[in-house]
Amino acid sequence: MNIALIVTFMALITGILGLLIAKLANAPYWGLTVWFVLFAIFILQGLKKIQANPPHKGVLTIWGKRQEGKENILKEGLHFFPLYRLWYNFIPVKVEKINYDLKPDSIRTTDRAELAMDIGITFTPAELIPFLNSGGEEGVKKILDDIIPECVRQWAFSKEEGPQDWGEAMGAREDAIAILLKAILGEELTTIPNYAQLIPTPIWLKYFKKPRGILLKKDKEIAGDNWEKVDDLYLHGNWTQEQKDKLENAVEKRRVEINQTRKGNGKIVHSDLGIAINRLNIGQIKTKGELEKVAELQVKEEEERKGEVFEVDTDLIKAEKLVEAAKKAGQDISITQAFQIIMEWKTAREVKGAYSFTIPGLSPAITEIAKKFLK
């Protein structure tokens, strides 16, 4: 029923009551007073405010039943609800951004490695009826708790779209985000044409990226070592230019959607849950259990290897300078002899704690040059 008609009807009812009072009391003043008081009570009891801080919206209910349609979604501010609670009412819904951090149980890659992953998601209630049907904020969180960890586990163990080993998984955050977003939003995302579905979307995203993304091991099985399989399909296949353009535009739109969601300004609505996904990101992907010790050891060995390479490079530079110093003194030595002198000097210094050393077969003149140079 139209609220204006309700107000008019109540004005008539209270007016009739006022006339009756005026007639019974034989005092028009009392009748007018009664009409004014009753009508004012009716108006005031129905005026309710939907708060703006934090931001809220309201879903209109009549006789306790939620009303469908955008016109029944009430914005913040003052609204009129005839016979509030008894007839008209509203369900307040907070519509600020909700941050939710998930820490799925251990996931395993195809090489049985155990990993841990931190996932952050931000969502905003967008379609309030589906949002309430999903259980509101807590209900949506429980649903996401079911969807996201399961999707992560499937991705990590997938031989087609997932990483081939834990090393690839550590560097595959972008692939994981793309897969997760697809799992959550489904057809709400820009659709990749059916004729291009032989190639997984993460590979198309890398293919059209400028410069092109790095192919992982599992990507090369599909794309080729140097994109040749994708080139055969896209460049040398029987696709029309219109099909190529359609695919590239769809992939770029998908890339924009993913990037916006990673940055926190996504607006794609999950119609079943009634939420807009503003942000979806993956924090650190960490090793667990025995693998954590292995990973730490690998990092340490890599650092030591780099240190050793740097040290050898430095010793070679010293050897070259020693050759130059010997030439200036009128003596000739090879770079091999100079490098041997440097190594002997380091051993003497580290073991004996002294700078005195001898090299069999080296002339006294060159020995003196080396001592002065190294001192």
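In what follows, every heavy atom counts, from backbone to side chain, and hydrogens, waters and symmetry copies are set aside. Please read all numbers here as calculations on a predicted model, not as lab measurements.
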Quick one, [X] and [Y] - any side-chain contact, counting heavy atoms below 4.5 Å?
X: Ile41; Y: Val37; result: yes
X: Lys206; Y: Pro202; result: no
X: Leu24; Y: Trp30; result: no
X: Ile192; Y: Gln197; result: yes
X: Leu32; Y: Trp35; result: yes
X: Leu102; Y: Val152; result: no
X: Val59; Y: Asn72; result: no
X: Val7; Y: Phe39; result: yes

Main-chain N/O of [Y] paired with [X] side-chain donor or acceptor, under 3.5 Å:
X: Gln67; Y: Lys65; answer: yes
X: Glu257; Y: Ile268; answer: no
X: Trp227; Y: Arg212; answer: no
X: Tyr207; Y: Ala223; answer: no
X: His270; Y: Ile184; answer: yes
X: Lys229; Y: Glu221; answer: yes
X: Glu228; Y: Asp225; answer: yes
X: Thr61; Y: Asn89; answer: yes
X: Glu252; Y: Asn249; answer: no
X: Trp87; Y: Phe81; answer: no

Between [atom1] on residue [X] and [atom2] on residue [Y], distance to nearest 0.5 Å:
X: Ile43; Y: Leu38; atom1: CD1; atom2: CG; answer: 12.0 Å
X: Leu233; Y: Leu198; atom1: CG; atom2: CG; answer: 6.5 Å
X: Asn281; Y: Ile177; atom1: CG; atom2: CD1; answer: 4.5 Å
X: Arg279; Y: Arg262; atom1: CZ; atom2: CZ; answer: 12.0 Å
X: Leu128; Y: Ile275; atom1: CG; atom2: CD1; answer: 12.5 Å
X: Thr124; Y: Asn278; atom1: OG1; atom2: CG; answer: 3.5 Å

(request) Start with the C-alpha distance between Lys48 and Leu74, add both sets of side-chain angles, then the distance that settles side-chain contact (heavy atoms from CB on, under 4.5 Å), and finish with yes or no. (result) CA-CA 11 Å; Lys48 301 298 173 185; Leu74 309 174; over 6 Å; no
Where do [X] and [Y] come nearest, in terms of heavy atoms and distance?
X: Phe90; Y: Lys49; value: CZ-O, 4.4 Å
X: Pro125; Y: Lys94; value: CG-O, 3.3 Å
X: Leu83; Y: Gln45; value: N-NE2, 3.0 Å
X: Asp101; Y: Gly120; value: OD1-CA, 3.6 Å
X: Leu215; Y: Gly224; value: CD1-O, 3.5 Å
X: Leu273; Y: Val140; value: O-CG2, 4.1 Å

In the single-linkage hydrophobic clustering (I, L, V, M, F, W, Y; side-chain heavy atoms under 4.5 Å), do [X] and [Y] co-cluster?
X: Val269; Y: Leu189; result: no
X: Ile6; Y: Leu44; result: yes
X: Leu132; Y: Phe123; result: yes
X: Ile199; Y: Ile214; result: no
X: Ile121; Y: Val95; result: yes

(message) Go through it in stages, so that I can follow the logic: the residues are Ile282 and Leu180, the test is side-chain contact (heavy atoms from CB on, under 4.5 Å), and I'd like the CA-CA distance, side-chain angles, deciding distance and then a yes or no.
(response) CA-CA 10 Å; Ile282 294 176; Leu180 271 180; 4.0 Å; yes
(message) Please evaluate residues Val230 and Leu235 with respect to the criterion side-chain contact (heavy atoms from CB on, under 4.5 Å), reporting the C-alpha separation (whole Å), side-chain torsions for both, the decisive distance (0.1 Å), and the verdict.
(response) CA-CA 8 Å; Val230 183; Leu235 297 178; over 6 Å; no
(message) With ring pair (Phe, Tyr, Trp, His ring centres under 6.0 Å) as the test, pick out the partner of Phe42 among Tyr88, Tyr84, Phe80.
(response)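 With Phe42 as partner, Tyr88, Tyr84, Phe80 yield a single ring pair (Phe, Tyr, Trp, His ring centres under 6.0 Å), made by Phe80.
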Heavy-atom neighbours of [X] [atom1] exceed 12 at 6.0 Å:
X: Leu78; atom1: CG; result: yes
X: Lys142; atom1: NZ; result: no
X: Asn26; atom1: CG; result: no
X: Glu71; atom1: CD; result: yes

(message) Could you walk me through whether Lys246 and Tyr195 satisfy the side-chain contact (heavy atoms from CB on, under 4.5 Å) test, starting with their C-alpha distance in whole Å, then the side-chain angles of each, then the deciding distance to 0.1 Å, before giving a yes or no?
(response) CA-CA 11 Å; Lys246 183 178 179 181; Tyr195 55 82; 3.6 Å; yes
(request) Check the side chains of Asp245 and Gln241 for a donor-acceptor pair under 3.5 angstrom, ignoring hydrogens and angles. (result)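 The answer is yes; a qualifying pair exists.
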(request) Please report the C-alpha distance between Glu137 and Lys141 in whole Å, then the side-chain angles of each, then the deciding distance to 0.1 Å, and finally whether the salt bridge (Lys or Arg N to Asp or Glu O under 4.0 Å) criterion is met. (result) CA-CA 6 Å; Glu137 178 180 339; Lys141 285 180 178 178; 3.0 Å; yes
(request) Please name the residue in the list Thr191, Thr190, Leu185 that meets the side-chain contact (heavy atoms from CB on, under 4.5 Å) test with Glu187. (result)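 One option only clears the test, and that one is Thr191.
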(request) List the steps, then state whether salt bridge (Lys or Arg N to Asp or Glu O under 4.0 Å) holds for Glu188 with Lys182. (result) CA-CA 9 Å; Glu188 310 285 357; Lys182 174 64 178 176; over 6 Å; no
